[in-house]
Amino acid sequence: MSEISVKYGGESGSVPPGSSVLDAIKQFDRDASKSALAAKVNGEEFDLDRELPMNGELEIEAIVPGTRDGLEVLRHSTAHLLAAAVLDLYPGTKLGIGPALLDDPRYGFFYDVITPEPLSVDDLPKIEKRMQQMAKRNLKYRRENVSKEKILDIFEGRSEPLKCELIDEKVEGDASIYYIDDSPFIDFCLGPHVPHTGKLKAFKLLAIAGAYWKGDAEREQMQRIYGTAFFSKEELDAWLKQREEAAKRDHRKLGQELDLFSIQDDYGQGLILWHPKGGIIRQEMENYLKEKLRDFDYSFVHTPHIAKRDLWRISGHEDNYADSMYSPTSIEEVEYRLKPMNCPLHIGIYKSSMRSYRDLPQRYSEMGTVYRAELSGTLHGLMRVRGFTVDDAHLFVRPDQVLKEVGDCLDFAIQVFETFGFDKVSFELSVRGEAENKKFLGADEDWEQAEASLAAALDERNIGFERIEGEAAFYGPKIDIKIEDAIGRTWQLGTIQVDFNLPERFGLEYTGEDNQPHRPYMIHRALFGSIERFFGVMLEHFGGALPFWLAPVQVAVLPITDRVNDYAESVAAKLKAADLRVEANLRSDKIGAKIRDAQLQKVPFMLVVGDQELEAGIVAVRERSKGDLGTMGVEEFIERARNLRDDRAIDNGSF
RNA sequence: GCCCGAGUAGCUCAGGGGUAGAGCGCUUCCUUGGUAAGGAAGAGGGCAUGGGUUCAAAUCCCAUCUCGGGCUCCA
């Protein structure tokens, strides 16, 4: 038999038939052969102990720690170890799936199981301990290639109905199964896996949760055990620490600590009570937005929170959205419904009179409060609520105006996100694509024209974007805007959507140059999306330390002794007269305590005043992150603070 | 909606079959102290709600409500 010729990292060589992947790697790279978790042979993922195939020249690449592929193998193998430990501890457990998660910032892998007795978080340490015991024993992961019939036999024999279902769906011919030596675990799995459990040195179980088989609420409820794994203990520890930091930024926690808002049982789940300090922040946000809306020539409209049921029949919400709407309520035997969206109401304004092509575009904007009957389990702080306000706008445009209007929306959006300190913004263009199971409404030429306009608006601005085929709404193409926050999480906020459907349903028209009726397009446009949600994202982004212009208390005046309380009050009065939000802390605490208090409230500036300052008529300025900045006159402080505010500076660096 | 967990003072939490505790906060008093917690005293809850078991229930059981973690990113 001839040797197998092998290429590795640009070098060529050969190995005898029957050699394993690892044997081959050893010839070229001793280090990699020790650290490798798995390998790629001609691009296909292989276990290290797998025999090399005999077909022609082989290009081999080691999958090593520190790479994405490596992490995937590591985490996937750890998921198996988890399942093995669970099976060991709880005989009779049925297995679901157990993939690695690489893009989820919260977890690194999970395994779905059905145990004879329900598990709780208290069981995690026990399972983790068993995993560690098994890891230390360097148990081998063994792969076997067998026929579908054989696999089904094995898993039927083990009473694994869910596995059998998967095998049935996925396998044609042969497939691989994996064992872990000296454990009850067998899985139907593509692999690859690490050679033995000793490679798994840094893992941690994190949470236990319910999960439906295949995400289908009609199917079996399973228990999902989440964990994560890294190449080294150091990486794991660093990640855990960062996770704690993220928890500190939780907007629900900050909302309470900073007294911004509350959600109370007695008032209803998913309904936000805005406290004064949260209220002022919202007001600043809205004021800013109003300025911008004026700049971009929007008009301001106001519509009621409730409208006749028929309206929602015409709009199609009754058919497609009823689950998310509150039940109808009757007044003198006429039914009404709370609005889940503002569009039909804005349409009413458009329809209130005849429109000429000269009148378009009409740009209606409203801070529109809407109500949605979200399932209780999905509610989450400000992020998912049952009543919220949208910075909503609807543009009624002629087809030839789409490009210009969408372009303006993009400019608007970019300016807004920049102002709030989100410098990482990305765009997704969702188009009709190949319509498989989706019905897209409207004429082909409308779609082509609208999609082209959206893409052109992005291109004109040199905005890179991801084009997603088939993800358009059924009523038209759209651009979604995503931002990345300070700790790397992405959020979808704004959206710009073209709509052919509602103008049709409501029979909207304008009179063209030709004196004939024409149908306008609608553009739905929101930048913050839900103000509540945006507020939550923003709070977490800044970790509660809001920019000066948004801070509910911008300046704290802190007298050192009550001899200077009057002076402190006079300083505070001057700041207030300059339209700055100021609080004077006249309690009999020591200065350290007052400073600590202001720091914890994340007040941007503290003005410390004592006898010296009183005498000289000055203030000692302390900035929340930079500390003592020295003294200056009150007028000078006001001047600088106003600049910060008027510039809507993101941090106080320019002070 | 479903699964697991939790609901004790305004907040963070301890306790746990015999009638409720700490720290912070709040009030009052003492203290007037220069850049992240000065001291003392006091007020404040009857342990989410409703049932049940028991001589006795915050404590055990059941139900309900609410909150938290989740609910197919290849096997």
Side-chain angles (χ1 to χ4, degrees), chain A residues 45 72 76 79-80 95-104 106-107 110 112 114-115 117-124 151 155 162-171 175-178 186-191 193 206-226 250 252-253 256-257 259 262-270 323 373-381 558-565 587-601 606-613 620-624 626-631:
Chain A
E45 294 186 325
E72 181 162 14
H76 191 189
H80 275 209
L95 300 179
I97 58 168
L101 306 172
L102 296 185
D103 298 320
D104 189 320
R106 301 164 303 174
Y107 305 113
F110 65 80
D112 284 346
I114 301 177
T115 48
E117 296 295 321
L119 295 174
S120 79
V121 272
D122 304 330
D123 297 306
L124 294 183
I151 303 178
F155 284 95
L162 301 177
K163 285 286 176 195
C164 291
E165 185 180 325
L166 270 186
I167 294 159
D168 224 25
E169 283 168 19
K170 308 250 177 185
V171 179
S176 55
I177 55 175
Y178 276 86
I186 302 183
D187 203 354
F188 157 63
C189 179
L190 280 175
H193 283 285
L206 298 166
I208 186 153
Y212 294 108
W213 177 239
K214 296 182 175 172
D216 182 349
E218 302 295 311
R219 297 295 308 266
E220 293 85 340
Q221 171 92 41
M222 315 190 70
Q223 287 194 294
R224 173 166 299 179
I225 302 171
Y226 280 104
D250 190 311
R252 293 164 300 183
K253 197 169 148 71
Q256 184 173 75
E257 287 169 358
D259 195 16
S262 59
I263 303 167
Q264 299 177 29
D265 305 3
D266 303 348
Y267 294 78
Q269 1 172 21
D323 286 349
E374 304 284 357
L375 292 180
S376 61
T378 63
L379 298 174
H380 181 85
L558 311 177
I560 287 172
T561 146
D562 55 20
R563 279 194 303 280
V564 295
N565 277 1
R587 294 188 320 211
S588 71
D589 289 330
K590 290 171 90 164
I591 191 65
K594 292 184 185 182
I595 286 171
R596 182 179 145 85
D597 205 44
Q599 287 286 155
L600 290 175
Q601 286 296 306
M606 286 151 256
L607 301 183
V608 175
V609 296
D611 292 325
Q612 296 160 32
E613 286 75 18
V621 181
R622 182 188 164 96
E623 197 271 340
R624 70 182 164 202
K626 290 203 278 292
D628 195 349
L629 298 181
T631 58

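So you know, we letter chains A, B, ... as the sequences are listed, proteins then strands, and number each from 1.
A heavy-atom distance below 4.5 Å is found between the side chains of A:Asp611 and A:Val564. Proximity of A:Ile560 to A:Lys594: side-chain heavy atoms (C-beta onward) are nowhere separated by under 4.5 Å. Residues A:Phe188 and A:Val171 form a side-chain contact, since some pair of their non-hydrogen atoms from C-beta on lies under 4.5 Å apart. Looking at heavy atoms from C-beta onward, A:Leu607 lies out of side-chain contact with A:Leu558 at the 4.5 angstrom threshold.
Using a 4.0 Å heavy-atom distance criterion, A:Glu613 is classed as a base contact. Note on A:Asp104: a base of the nucleic acid sits closer than 4.0 angstrom, heavy atoms only. Using a 4.0 Å heavy-atom distance criterion, A:Asp611 is classed as a base contact. Among the atoms of the strands shown, only primed sugar atoms or phosphate atoms (P, OP1, OP2) are found under 4.0 Å from some heavy atom of A:Ile97. Residue contacts shown for A:Gly592 are limited to sugar-phosphate atoms, with no base heavy atom under 4.0 Å away. A:Ala598 comes within 4.0 angstrom of nothing in the nucleic acid, heavy atoms only. A:Glu72 comes within contact range of at least one nucleobase, with a heavy-atom separation under 4.0 Å. In this structure, A:Gln599 reaches the bases: a heavy-atom distance under 4.0 Å links it to at least one base atom across the strands shown.
Counting non-hydrogen atoms of neighbouring residues, nucleotides and ligands closer than 6.0 angstrom, the CD atom of A:Glu117 reaches no more than 12 such neighbours.
With both ends at atom P, the span from B:C4 to B:U64 equals 13 Å, rounded to whole Å. The same atom, P, is picked in B:G1 and in B:G39; the two are 48 Å apart, to the nearest Å. The separation of B:G18 from B:C60, taken at their C1' atoms, amounts to 15 Å, rounded to a whole angstrom. B:A36 and B:G17 have their P atoms separated by 45 Å, with the value rounded to a whole Å. The P atoms of B:A6 and B:G10 are separated by 23 Å, rounded to the nearest whole Å. Annotation: B:G21 and B:G15 have their C1' atoms spaced 7 Å apart (nearest Å). Using atom C1' as the reference point in both B:A20 and B:G38, the two lie 30 Å apart (nearest Å). The same atom, C1', is picked in B:C24 and in B:A14; the two are 15 Å apart, to the nearest Å.
Between A:His193 and A:Tyr178, the ring planes are perpendicular. Angles over 60° get that label, and only those under 30° would be called parallel.
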Side chain to side chain contact (heavy atoms under 4.5 Å, CB included) between A:Trp213 and A:Leu166, worked out = CA-CA 11 Å; A:Trp213 177 239; A:Leu166 270 186; 3.8 Å; yes
Stepwise side chain to side chain contact (heavy atoms under 4.5 Å, CB included) check, A:Met222 with A:Leu162 = CA-CA 11 Å; A:Met222 315 190 70; A:Leu162 301 177; 3.4 Å; yes
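With salt bridges taken as basic N to acidic carboxylate O contacts below 4.0 Å, none links A:Asp216 and A:Lys214.
Side-chain to base pairing of A:Arg563 with B:U32: no donor and acceptor N or O lie closer than 3.5 Å to each other. A:Tyr107 contributes no side-chain N or O that forms a donor-acceptor pair with the base of B:G69 under 3.5 Å. On a pure distance criterion of 3.5 Å, no polar donor-acceptor pair joins the side chain of A:Glu220 and the base of B:C71.
Listed candidates were B:G33, B:U35, B:G70. Nearest to the side chain of A:Tyr226 is B:G70. Nearest to the side chain of A:Arg252, among B:G68, B:U35, B:G1, sits B:G68. Among the nucleotides B:U32, B:A36, B:A75, the one closest to the side chain of A:Cys189 is B:A75. Nearest to the side chain of A:Tyr212, among B:A75, B:G34, B:G1, sits B:G1. Here the side chain of A:Leu101 is nearest to one of B:G33, B:C73, B:U72, namely B:C73. The side chain of A:Gln612 sits closest to B:G34 out of B:G34, B:A36, B:G69. Residue A:Arg106 places its side chain closer to B:C71 than to any other of B:U35, B:A75, B:C71. Here B:A75 is the nucleotide among B:U66, B:A75, B:C73 with the atom lying nearest to any side-chain atom of A:Leu166. Considering only the side chain of A:Phe110, B:C73 comes nearest among B:A36, B:C73, B:G33. Closest contact between the side chain of A:Ile591 and the listed nucleotides B:C11, B:C74, B:G34 involves B:G34.
Whole-Å rounding puts the A:Lys170 NZ to B:U72 P distance at 14 Å. Distance A:Asp168 CG to B:A75 C1': 13 Å, rounded to the nearest Å. As rounded to whole Å, 18 Å separates atom C1' of B:A36 from atom NZ of A:Lys626. Rounded to an integer number of Å, the gap from A:Asp112 CG to B:C71 C1' is 9 Å. Separating the NE2 atom of A:His380 from the C1' atom of B:C67 is a distance of 12 Å, rounded to the nearest angstrom. Across the protein-nucleic acid pair, A:Arg622 atom CZ and B:U35 atom P stand 9 Å apart, rounded to whole Å.
In terms of position along RNA chain B, the nucleotide closest to A:Arg624 lies nearer the 5' end than the nucleotide closest to the other residue of the pair A:Arg624 and A:His76. With the nearest nucleotide of RNA chain B identified for both A:Lys594 and A:Ile263, A:Lys594 has the one nearer the 5' end.
B:A43 shows a glycosidic angle more than 90° from 0 and is accordingly assigned anti.
Applying the side chain to side chain contact (heavy atoms under 4.5 Å, CB included) test between A:Met606 and each of A:Asp628, A:Leu629, A:Ile595, A:Ile591 identifies A:Ile595 as the sole match.
For the OP1/OP2 pair of B:C67 and a distance below 4.0 Å, the side-chain nitrogens and oxygens of A:Gln264 include no atom meeting the criterion. Close to B:A75, at under 4.0 Å from its OP1 or OP2, lies no side-chain N or O of A:His80.
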Distances under 3.5 Å between protein N/O atoms and the N/O atoms of nucleotides 23-29 of chain B, please, pair by pair.
from: B:C26; atom 1: OP1; to: A:Arg587; atom 2: NH1; distance (Å): 2.8

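Considering only residues two or more places apart in sequence or on other chains, A:Thr115 meets the side chain to side chain donor-acceptor pair (under 3.5 Å) condition with A:Gln223. Contacts of A:Tyr226 classified as ring-ring contact (aromatic ring centres under 6.0 Å, His included), with partners at least two apart in sequence or in another chain: A:Tyr107, A:Phe110. Here A:Glu623 pairs with A:Ser625, A:Asn652 under the side chain to side chain donor-acceptor pair (under 3.5 Å) rule; sequence neighbours left out.
Paired runs in RNA chain B that reach 3 or more consecutive Watson-Crick or G-U pairs, where each pair keeps both distances under 3.5 Å, cover B:1-7 with B:65-71, B:10-13 with B:21-24, B:26-30 with B:38-42, B:48-52 with B:60-64.
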Just by protein heavy atoms under 4.0 Å, how would nucleotides 3-9 of chain B read 5' to 3' in B, S and -?
-> BSS----
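Of all heavy-atom pairs between A:His76 and A:Cys189, the closest is CE1-SG, 3.3 Å.
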